[in-house]
Amino acid sequence: MAKKPRTAITPTRDEDFAQWYQQVIKSADMAENAPVRGCMIIKPYGFALWENMQRIFDGMIKDFGVENAYFPLLIPLSFLEKEAEHIDGFAKECAVVTHHRLEQGENGKLIPAGELEEPYVIRPTSETIIGDSMARWIQSYRDLPMKLNQWANVMRWEMRPRMFLRTSEFLWQEGHNAFETAEEAHEDSLKMLGAYKDFAENYLALPVITGEKTDNERFPGAKATYTIEAMMQDGKALQAGTSHDMGQNFAKSLGIKFQARDESEQLAHTTSWGISTRLIGGMIMIHGDDDGMIMPPRVAPSQVIIIPIIRDEKDAGDINKYINGLEQKLKSANIRFKTDNSAERTPNKMWGAIKKGVPLRVEIGAREMEQGVLTYVRRDIGKDSKTTCSIDEFVGSVQDVLDNMHDDMLARAKTFLGSNIKDVDNIDDLISYFKNDANIGFARIDISIMDDADFEARLKEHSLSTRCMPFEDNGKKVLIGKAY
RNA sequence: CGGAGCGUGGCGCAGCCUGGUAGCGCACCUGUUUUGGGAACAGGGGGUCGGAGGUUCGAAUCCUCUCGCUCCGACCA
């Protein structure tokens, strides 16, 4: 028997953060690499998480009057050509469909045939094809605002894929809104960013910094890009969601025109906004510990896992009956739960639950049954949080316990974020700060730094980039860090 | 796309230098004893070594090409 490892995940975060990340995903059974370059298979446990995220965020945007629709995966090449800056930004990472048929070759291999007159691009984003429809659907100011969203997959042929963080194909929502006035569009882009912050913090327990992207980092074709930036436990930044104010750029190139109240013809003002499965990577890297995943309670596939502890087979029936009673009550209380009735040995069930990051683990054996109680443990605290109470007490307080866990997770991550932002005065201090490997996180500096001609080059030299100009600094400061 | 490393049962690896048709740990199956923070013993099933080509009597091992993965960089709405 190999020596029992100290932690459930090897290597630990300190030893090798990148490897640790991969291992957490594998140990939690969330996803694996697909037999397609840069793509991943999201396994049921990982997808259940995404479904919960979808359900919640979908509800939020519907409250804003956004309607869901679906547009084609394939975009005519000519559509992308319509917005010059846009295609410039995406051209290098487009997968292109050029044929529509396969024929048997001499050696039995299939070869593409039937070349298309106009190639299609597998959507890297859908501004152009949705804008094309909007151009037809919008005739009058009475048709505005128009707010559309689609839950879809997109493809961007990235040079260096990483599970959840940057896969060639990923799942996201992309919202596309159109307005009468510049002010409305501007406000909308900020409102959607606010929704992202709300969602990230209040459901995923991910603290984020909201701000505007610098010119360099702006979405191709946008007038302004707003972002929520998160900080991972290794101090690197993750762009967790973006909201773009397109101004009239896309309306102009796609012909989204309407007749205004004064009977003049006007171009619409559009926005687009998106969050993706990348957020899952963020949750792993912000919340996970050396024993694996820690699921934020409000989106966890299971909020509670019940582990029957059966030492003597003759007790099994009674214990299961006892557990059934708990299950009924949890169901009525709208708690997502799962009972592990697998053939695994008890300790393995426990470690399985730990690695999957189930927020609360409930243990029920003969001991609990006889006393009419249960024992539960909070994942984020571990065995020191073992609590024994009656079933009714548990069911009555479980929502609070989950809420407290959420609050603690958010507070922990917020503290980490806040304590890893360093104010610096000039480029030299900035560079020397990051030269020391012990220093992680972001540096904050006056935006006048960007006037320096060497600024971008010097950042690049050290793998640094501007993350955003935070709203909380009124746009007068810029955050700089290494990013995923 | 540049640099480095790696592809051998489900997973992690050894074997390769000094060619002779594959081995270990975990997992899996059966049985017994076990079971509250990763069980022990016994027995058993499963791979032809990423792919293609070449050298050779013979290739996991040598050579060429190719695909993919990981890490660093470039790229990244």
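Side chains are part of it too, since the values below use all heavy atoms of this structure and drop only hydrogens, waters and symmetry mates. Letters A, B, ... mirror the listed sequences (proteins, then strands); counts begin at 1.
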Specify the separation, in whole Å, of atom [atom1] of [X] and atom [atom2] of [N].
| X | N | atom1 | atom2 | answer |
| --- | --- | --- | --- | --- |
| A:L238 | B:C76 | CG | C1' | 12 Å |
| A:E313 | B:U33 | CD | P | 12 Å |
| A:E456 | B:A74 | CD | P | 13 Å |
| A:R467 | B:C76 | CZ | C1' | 10 Å |
| A:Q22 | B:G12 | CD | C1' | 15 Å |
| A:N348 | B:G36 | CG | P | 10 Å |
| A:K355 | B:C11 | NZ | P | 16 Å |
| A:Q19 | B:C13 | CD | P | 9 Å |

_Salt bridge flag under 4.0 Å for residues A:D340 and A:K356_ = no
*Charged N to carboxylate O below 4.0 Å: is that the case for A:D289 and A:R13?*
no
*C1'-based separation of B:C26 from B:A39 [nearest Å]*: 14 Å
*What integer number of Å spans the C1' atoms of B:G7 and B:G51?*
11 Å
What nucleotide among [options] has an atom nearest to a side-chain atom of [X]?
| X | options | answer |
| --- | --- | --- |
| A:E368 | B:G36, B:C76, B:C69 | B:G36 |
| A:M159 | B:G38, B:A74, B:C69 | B:A74 |
| A:K92 | B:G38, B:C75, B:U70 | B:C75 |
| A:V377 | B:G37, B:C75, B:C69 | B:G37 |
| A:A8 | B:G73, B:G37, B:G38 | B:G38 |
| A:E158 | B:C75, B:G36, B:G37 | B:C75 |
| A:K26 | B:G37, B:C76, B:C11 | B:C11 |
| A:K383 | B:U35, B:C71, B:G37 | B:G37 |
| A:D291 | B:G73, B:G68, B:G37 | B:G37 |
| A:P347 | B:U70, B:C71, B:A39 | B:A39 |

_Return the pairing partner of B:U34 with a 3.5 Å limit on both distances, Watson-Crick or G-U wobble; otherwise return none._
none
*Is there a Watson-Crick or G-U wobble partner for B:C71 with both distances under 3.5 Å, and if so, which one is it?*
B:G3
*What are the two closest non-hydrogen atoms of A:A200 and A:I228, and how far apart are they?*
CB-CD1, 4.4 Å
*asked:* Any heavy-atom pair between the side chains of A:M405 and A:I294 that's under 4.5 Å?
replied: yes
*Find out whether A:K482 and A:M232 are in side-chain contact, i.e. whether some heavy atom of one side chain is under 4.5 Å from a heavy atom of the other.*
no
*Can a side chain N or O of A:T346 be found less than 4.0 Å away from OP1 or OP2 on B:G36?*
no
*Determine: side-chain N/O of A:R367 to OP1/OP2 of B:G36, distance under 4.0 Å, yes or no.*
no
*Could you tell me if the ring centre of A:F250 sits under 6.0 Å from that of A:H86?*
yes
*Donor-acceptor pair under 3.5 Å: do we get one between A:E32's side chain and the base of B:G10?*
no
*On RNA chain B, nearest-nucleotide positions of A:H244 versus A:A366: which is more 5'?*
A:A366
